[in-house]
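One-based numbering along the sequence shown.
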Amino acid sequence: MASVSGPAQTASASAPPLQRGIVKMVLSGCAIIVRGQPRGGPPPERQINLSNIRAGALARRAAQGQPDSKDTPDEPWAFQAREFLRKKLIGKEVCFTVEYKNMHREYGMVYLGKDTTGENIAESLVSEGLATVRREGFRGNNPEQARLCDLEDQSKASKKGLWSEGGGAQTIRNIKYTIENPRNFVDSLHQKPINAIIEHVRDGSVVRALLLPDYYLVTVMLSGIKCPTFKREGDGTETPEPFAAEARFFTESRLLQRDVQIILESCPNQIILGTILHPNGNITELLLKEGFARCVDWSMAVYTQGAEKLRAAERSAKERKVRIWKDYVAPTANLDQKDRQFVAKVMQVVNADAMVVKLNSGEYKTIHLSSIRPPRNEGEEKNKDKDKRFRPLYDIPYMFEAREFLRKKLIGKKVNVTVDYIRAATGPGEGTPAFPERTCATVTIGGINIAEALVSKGLATVIRYRQDDDQRSSHYDELLAAEARAIKNGKGLHSKKEVPIHRVADISGETQKAKQFLPFLQRAGRSEAVVEYVFSGSRLKLYMPKETCLITFLLAGIECPRSSRNTPGGVQVAEPFSDEAMLFTKELVLQREVEVEVESMDKAGNFIGWLHIEGVNLSVALVENALSKVHFTAERSAYYKTLVAAEEGCRQRKEKIWANYEEKPVEEVVHLSEEKERVANYKPVYVTEITDTLHFYAQDVETGSQLENLMETMRAEIAAQPPVEGSYSPRRGDYCIAKFADGEWYRARVEKVESPAKVHVFYIDYGNREVVSSTRLAPIPPAFSTRTLPVQATEYTFAFIQVPQDEDARADVVDCVVRDIQNSQCLLNVEYSGATCPHVTIQFGDTKEDVGLGLVKEGLVMVDVRKEKHLQKMVTEYLNSQESAKSARLNIWRYGDFRADDADEFGYSR
């Protein structure tokens, strides 16, 4: 066997040379394995048996395949002797001498440290009563043997270890080599750390561990990773894969016979998966970081210490190209940084896994979501042959829901795009279509991974890869976890319920159907619609959700440049600015929710009317941007003056389609603004009550003195002539006086009578409510009725604000408003009327800051977007503040933008 290290000093002929090494393993109480220092690979090692002593033999398992052999138990005190040496020597430097060899075994003296002045290991064992001295062949002139005998006699006298009373039966372990039901055993531990000793390292990621205190001997595979292994050949020899020996040594040198804690995480197919915790670090992460292991998907899901840490460690090794990754080439190695990560605006959702985005440069790019597969119909190709009108969006189960989820969440929004890989173009194969090159990326908005959200709702599935296929999402583990949640909760594609069916009638070009449908749309006024396709600047295909039909819609009142078209006489050339007009319409309305007013239809069954998006009339917008002219048919519409004024401005500036226009004397068209301006008329009020629904009651400061005088006079009269207790019988709707908790009387109105002991009253001058006994009520004196002084507490609610539906979030807002403005003087302006009360903006009396805007800035509420033109400036200010709160992840935005899906973003129900 190779020497561990050379002689440490010049030795005489009589004295054996002193050698050094590091203790790798303790075989028993009298045998150890010593290794040298690694130099370019695993170091040499040798077994050293302690001379002149004997310790008990450890338990041995019956030989496999030999029915007659039996398990051999520990000899008394054998395990304690092994543990004594293990705790003292493992990983420590020792020096030793080899005194003699016998049957390929080396016997010698071992000292802890660098020279013989260190602790003599054999003497320590004997003095603790853990080993006996070999007295046969005793030579009196050997001082080492004599000292061992003296120490043994002292140990016997002290009754230590082997010499203690009772024979040591209690020191024999009951080792369990097999577990009848490994899965139940692992589940019973509930993923709690248990103490263990690593007894053997098979390869870098598989160990044999002794679980304490019950002495289960189990094989544990590290969760989430796999190291190079030793392949067993037919002749019984083992062939190591590249870096297998190095990986095993890496684990051995850190864990072998160390005290550790193990979290047993799962047991698929009788294989126990776990994570080994050591005070110096997590071996799983270290193996990955040093390039000794790769992540494996099948066991990554059960790893409890954070799968993202493992991916990050593997990524670090790949970037440094160490060991098993020495030839690694990243999927995006050929991309510049600006092409790997960028911010873009979503213009169109192509299907459930792809979208068209607009880069800051103005370029359009199609992005596919990494590692997910949209809903698909197994019989899709057959259906296409049988039915020419097969429409994947509506006919494939959950395709429409998936597209709608992406459309509502992303259209018109800026997203963060991180390119994960480029899927090369593929030619058509047998039974497979050709695919162009695909840019596959992770897309996030507000910190939410869109692919993960889609998968968690059961609206897409995760693609499975070969283990060596690196072209996958950078968040692949989160996708797998989201899919597992969706399957567990029976969401979407994984639901056992009947699949949703979308019966959508396409009446585009169907003249008879369009005629039947026209009166209905005309009577409906403004109808909701979604723009599905843009044929040209003024020709669109709309989906009407309430009517569940598709229609072709032409913009009224304008004449838009025509795009190129195929006609019987050949291709008709596009008119100037037709492409610009189509692009303008696409960017403004494609896949957006709009409102349409249908006025008429043409001979081909196309509907004609006005289209509005967020308060903007698309016909007017095209004219304002010099991409359309006003058509004479607009004269009878309410938008004619606006159209003419917009056209006149573009004509004067000679923009785009008016570039070659020659000025002609025309009658001046006076544009009369039909939109009223916002009126800011703030008046001082005193806020008296805030309700749980964020409505509040306020008194007009100007009439405050009148109320004070009335209350003083009324209380004086009541004091002079107190009402007779119990004489008043309240009725719903009555005005009365009620004695409040402070002992004073106030004007009130009876809202409900449950019983004489439970009467619900509303204090009309302050806005608060209370349930009182009828004995605390009395008729209101006529001199103090509402005819003398009207009700002083007026109900209001905040303009431009949506009250959170979540009870905790709503309580936070109410508490904040109570602290800020209750029982204080503020300034109030009515912005618009509501169903129950006016909607107002309210300012602090001293700083003049908008209270509602402050709530939006703090992320406590959402903005209620109003479409009135005169309010747009205020709405814009509120929306900008909302975006700031969203970016800062304040309060209700702390988990990102949750609005499109009822805060059920990742498959968790409330």
Which atom of [X] lies closest to which atom of [Y], heavy atoms considered:
X      : Y      : result
Gln47  : Ala31  : NE2-CB, 4.1 Å
Ser205 : Cys227 : OG-N, 3.2 Å
Phe292 : Ile324 : C-CD1, 4.3 Å
Pro268 : Trp298 : CG-CZ3, 3.9 Å
Ala81  : Ala55  : CB-CB, 4.3 Å
Ile90  : Val26  : CD1-N, 4.0 Å

Polar contact flag, side-chain donor to acceptor under 3.5 angstrom, [X]-[Y]:
X      : Y      : result
Ser51  : Asn49  : no
Ser371 : Tyr465 : yes
Ser223 : Glu265 : yes
Arg173 : Gln80  : no
Glu483 : Thr461 : no

Should [X] and [Y] count as side-chain neighbours, where that means a heavy-atom distance under 4.5 Å?
X      : Y      : answer
Arg86  : Asp259 : yes
Lys326 : Phe243 : yes
Arg258 : His278 : yes
Val218 : Val220 : yes
Leu277 : Val260 : no
Leu310 : Met300 : yes
Ile262 : Leu264 : yes
Glu285 : Lys289 : no

Any sub-3.5 Å donor-acceptor pair from [X]'s side-chain atoms to [Y]'s backbone N or O?
X      : Y      : answer
Arg35  : Pro43  : no
Arg20  : Lys114 : yes
Trp325 : Gly291 : no
Arg46  : Pro44  : no
Glu238 : Phe230 : no
Arg232 : Thr237 : no
Ser28  : Cys30  : yes
Asn269 : Ile271 : no
Glu199 : Ala209 : no
Asp74  : Ala59  : yes

If you measure from [atom1] on [X] to [atom2] on [Y], what distance do you get to the nearest 0.5 Å?
X      : Y      : atom1 : atom2 : answer
Tyr177 : Arg61  : OH    : CZ    : 8.0 Å
Ile463 : Gln471 : CD1   : CD    : 11.5 Å
Ile175 : Leu211 : CD1   : CG    : 11.5 Å
Ile263 : Thr304 : CD1   : OG1   : 4.0 Å
Asp477 : Glu452 : CG    : CD    : 10.5 Å
Leu89  : Ile121 : CG    : CD1   : 4.5 Å

Would you say [X] has more than 12 foreign heavy atoms packed within less than 6.0 Å of its [atom1]?
X      : atom1 : result
Arg105 : CZ    : no
Arg202 : CZ    : no
Arg147 : CZ    : no
Glu180 : CD    : no
Arg60  : CZ    : no

Lys/Arg cation over aromatic Tyr216: Lys176, 6.0 Å, 45° cone: yes

Assess Arg254 against Phe250: is NZ or CZ under 6.0 Å from the centre of the six-membered ring, and within 45 degrees of the ring's axis?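 Yes; both conditions hold, so Arg254 lies above the ring face of Phe250.
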
[X] bridged to [Y] by N-O distance under 4.0 Å:
X      : Y      : result
Asp420 : Arg438 : no
Glu152 : Arg134 : no
Glu314 : Arg294 : no

Could you check whether the rings of Tyr215 and Phe79 sit parallel, tilted or perpendicular, using 30° and 60° as the cut-offs? perpendicular

Pick one: which of Leu479, Val419, Leu369, Asn449 meets side-chain contact (heavy atoms from CB on, under 4.5 Å) with Thr442?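 Per the side-chain contact (heavy atoms from CB on, under 4.5 Å) rule, the option paired with Thr442 is Asn449, out of Leu479, Val419, Leu369, Asn449.
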
May I have the step-by-step check of side chain to side chain donor-acceptor pair (under 3.5 Å) for Ser456 and Arg485, ending in yes or no? CA-CA 6 Å; Ser456 69; Arg485 285 201 304 272; 4.9 Å; no

